[in-house]
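Please read through the structure below; I'll follow up with questions.
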Amino acid sequence: MAEKFAESNNVIIEEVNKGLNPGMIVLLVVATTLLLFFVGNYALYLYAQKTLPPKKKKPVSKKKLKREKLKQGVSAPGE
């Protein structure tokens, strides 16, 4: 750091070049990293939504089909 001392009327004036605060640098690095992480995840999510096929549904078991038809009052096939 460059320091200048100027003496005038027994008063010392100190001029110091002020750069970025180290705490501010850490905050900027962490904030930038988090922002990139979330933006990247969102981009991957959108890409996956467009390119991946939809999930296949599980086949309904015959037992469940029979139970549903009995609830509706329709006789199950084969009875």
Side-chain angles (χ1 to χ4, degrees):
M1 290 185 171
E3 296 181 9
K4 291 183 181 178
F5 293 102
E7 219 176 299
S8 60
N9 297 335
N10 295 330
V11 176
I12 297 174
I13 301 171
E14 184 178 340
E15 292 181 20
V16 178
N17 290 338
K18 292 190 175 185
L20 285 176
N21 187 1
M24 183 62 98
I25 293 172
V26 170
L27 183 66
L28 284 172
V29 168
V30 170
T32 305
T33 305
L34 280 174
L35 184 67
L36 285 174
F37 176 75
F38 286 118
V39 169
N41 274 346
Y42 184 67
L44 285 173
Y45 170 76
L46 288 179
Y47 176 73
Q49 290 295 316
K50 289 179 183 177
T51 57
L52 291 177
K55 284 186 176 180
K56 292 182 181 178
K57 293 184 179 179
K58 290 183 180 177
V60 181
S61 67
K62 291 180 183 179
K63 203 178 214 180
K64 280 188 181 180
L65 277 176
K66 188 175 182 180
R67 202 176 314 144
E68 286 295 321
K69 287 186 178 182
L70 286 175
K71 280 183 185 176
Q72 294 175 0
V74 178
S75 63
E79 288 187 0

Please report the interatomic distance NZ(Lys62) to NZ(Lys66), rounded to the nearest 0.5 Å. 11.0 Å
How long is the gap from CG on Leu35 to CG on Leu28, to the nearest 0.5 Å? 11.5 Å
Report the hydrophobic cluster partners of Leu46, with the cluster defined as I, L, V, M, F, W, Y residues connected by side-chain heavy atoms closer than 4.5 angstrom, directly or transitively. Tyr42, Tyr45
Apart from Leu34 itself, what residues make up its hydrophobic cluster, given side-chain heavy atom links below 4.5 Å? Val26, Val30, Phe37, Phe38
Rounded to the nearest 0.5 angstrom, the CG-CG distance for Leu36 and Asn41 is 11.0 Å
